[in-house]
Amino acid sequence: MRYISTRASSGKPPEFKRFCEILLEGLAPDGGLYLPEHYPQVDETTLAKWRALPYADLAFEVLSLYIDDIPAADLKAICAKTYTEEVFGSAQIVPLRPLEAGLYLEALSNGPTLAFKDMAMQLLGNLFEYELARRGEELNILGATSGDTGSAAEYAMRGKHGVRVFMLSPNGRMSPFQQAQMFSLQDANIHNIAVDGVFDDCQDIVKAVSNDLAFKRQFKIGTVNSINWARLMAQVVYYFAGYFQATKTNTENVSFTVPSGNFGNVCAGHVARMMGLPIDKLVVATNENDVLDEFFRTGVYRVRGSTDTHETSSPSMDISKASNFERFVFDLLGRDGGKTRSLFHDQIASQGSFELGADPAFPLAAQRFGFVSGKSTHADRLATIRDTFGRFGTMIDTHTADGLKVAREYIQPGVPMIVLETALPIKFAATIEEALGQPPARPARFEGIEALPKRVKLMAPDAAAIQRYISENVQ
Ligand SMILES: *Cc1c(COP(=O)(O)O)cnc(C)c1O
């Protein structure tokens, strides 16, 4: 399998890369995102074979279609080591729970940090360790987090050879549970830096450090953000696993609803659908930050400014732009890299938005690609959390509540609707208490984590100081 950039221009022959070349890279050199040259097709016979497989074997089968520069036995061992009952809490890894008839929750949040990002990040940790050892190289991951991404990255990379993590977070702004998750890690290769500032300050520092090319090269700085193709690819697997649990044959359709922010999760659903998995609708659920809902309703993609980006009770969906969205638009436009570049590079830079409403391709988003969307507010979250607990005795988190609210707008008789559960309620306890008047259940292994010793360095929002800190800790 070869990979191309979403901004590959039509005049020049595209530059092809193999999987392990893009594994440790972020954006393509032309500023685009990597995608496979084509989507491998999975027919009914293959689905029938895959239906009976344990999750780790299913992951191996899917990944094998995208990775041909890691020997099969090694890739199989990496999958087996990643997707274990010990790490994900059940033999199914992503068990499906029925709510009412035809409506299911797919549990993606029983990994080490209780959010779906573990599904991909745990694999990434093992792939990074493998590839770095093979090359005899090291990598220092620098990231900024307001919660879920940072902790998922740290739990994936802790104790791994050849990798260090330097994770910036805004001091005092994460939930006490999220702080405890990250800061209680005592592994020598994990460095928590609490920045005296807001999340944007953290992101600006990451950008400044990454733009210092000499520093970046000398200290082997890398990232693990959501545009990494390997993360997206790992997420494709649980669409298959959810499908197999909700159906008995390999021709039935199902729909998925995905609580969305950066469009990484639902983009994996798009890839699964393009491979031939019988998915009817992909329902994109947003919160008050409705960049994506606006696009799927009107064809207008408008990046929000910081004053227009709301802080909500589903904070992992608080985005001003959707960094993976370019991948879908590339497919929507018939894989026209020149046109994709002009939208995401030229038009976003000059006017902060583009408009496809009048483009003949736009109706295909729904008709050919199955995308529909909806939006949910704080009041909707509270009502949905209350209703789900009252009727089914099931506590859901705020992001999953956004999904469930929007899913109900698109349920069709005879088509199972699967809502992806993207986090457990304990991560967002304050809103659960507001909705239910009682605290969420806490998995036993997290009892008392707020009282554990914390390993964190408080620093000023000063890129040069943080570069010094990195250089002192890379020995
Ligand atoms: C990251 C995250 C999301 C958004 O996922 P995207 O891939 O960015 O669309 C939704 N819910 C939770 C709990 C998350 O951590």
Side-chain angles (χ1 to χ4, degrees), residues 33 105-122 124 143-156 169 174-175 177-178 181-182 199 224-236 238-239 256-272 282-293 295-296 309 312-328 371 373 375-376 381 384-385 395-407 419-429 431-432 440:
L33 282 71
L105 289 179
E106 184 174 358
L108 305 180
S109 322
N110 296 303
T113 72
L114 308 182
F116 88 97
K117 293 188 173 68
D118 291 327
M119 295 302 307
M121 211 67 98
Q122 288 287 314
L124 206 66
T145 189
S146 52
D148 292 342
T149 306
S151 55
E154 291 188 353
Y155 280 75
S169 58
M174 289 189 296
S175 78
F177 185 85
Q178 286 176 317
Q181 270 189 319
M182 288 178 55
F199 176 64
V224 285
N225 47 30
S226 82
I227 56 147
N228 185 297
W229 164 256
R231 277 182 67 179
L232 208 136
M233 175 194 68
Q235 293 167 358
V236 172
Y238 55 67
Y239 284 87
F256 284 92
T257 299
V258 187
S260 293
N262 274 317
F263 204 76
N265 198 351
V266 75
C267 195
H270 164 67
V271 172
L282 287 166
V283 184
V284 177
T286 74
N287 64 17
E288 289 88 338
N289 296 292
D290 58 353
V291 182
L292 290 166
D293 182 42
F295 175 80
F296 286 108
T309 308
T312 75
S313 48
S314 44
S316 298
M317 292 156 61
D318 292 348
I319 46 111
S320 55
K321 61 183 170 50
S323 48
N324 271 289
F325 186 54
E326 183 169 334
R327 287 192 160 108
F328 169 66
F371 274 100
S373 71
K375 152 180 184 176
S376 159
R381 284 189 278 285
T384 307
I385 291 167
M395 254 193 220
I396 56 171
D397 100 290
T398 51
H399 307 75
T400 309
D402 287 328
L404 190 51
K405 186 265 178 182
V406 175
V419 178
L420 299 186
E421 179 183 57
T422 55
L424 289 197
I426 183 67
K427 295 198 91 166
F428 305 97
T431 309
I432 305 301

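In listed order, ligands and their atoms are each counted from 1. Side chains included, hydrogens not; waters and symmetry mates left out as well; all remaining heavy atoms used.
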Contacts table for ligand 1: protein N or O within a distance under 3.5 Å of ligand N or O, distances only.
residue  : atom   : partner : partner atom : Å
ligand 1 : 7 (O)  : G264    : N            : 3.2
ligand 1 : 7 (O)  : N265    : N            : 2.9
ligand 1 : 8 (O)  : N262    : N            : 2.7
ligand 1 : 9 (O)  : G261    : N            : 2.8
ligand 1 : 9 (O)  : N262    : N            : 3.3
ligand 1 : 9 (O)  : F263    : N            : 3.0
ligand 1 : 11 (N) : T422    : OG1          : 2.9
ligand 1 : 15 (O) : K117    : NZ           : 2.5
ligand 1 : 15 (O) : D148    : OD2          : 2.6

Using the benzene-type ring in the case of Trp, are the ring centres of H399 and F428 under 6.0 Å apart? yes

Anything under 30° is parallel, anything over 60° is perpendicular, the rest tilted; go ahead and classify F296 against F328. tilted

Is any side-chain N of the basic residue among K321 and E326 closer than 4.0 Å to the acidic one's carboxylate O? no

In this structure, is the centre-to-centre distance between the rings of F371 and F325 below 6.0 Å? no

Looking only at side chains, do D318 and N289 share a donor and an acceptor under 3.5 Å apart? yes

What residues form a salt bridge (Lys or Arg N to Asp or Glu O under 4.0 Å) with E154, not counting sequence neighbours? none

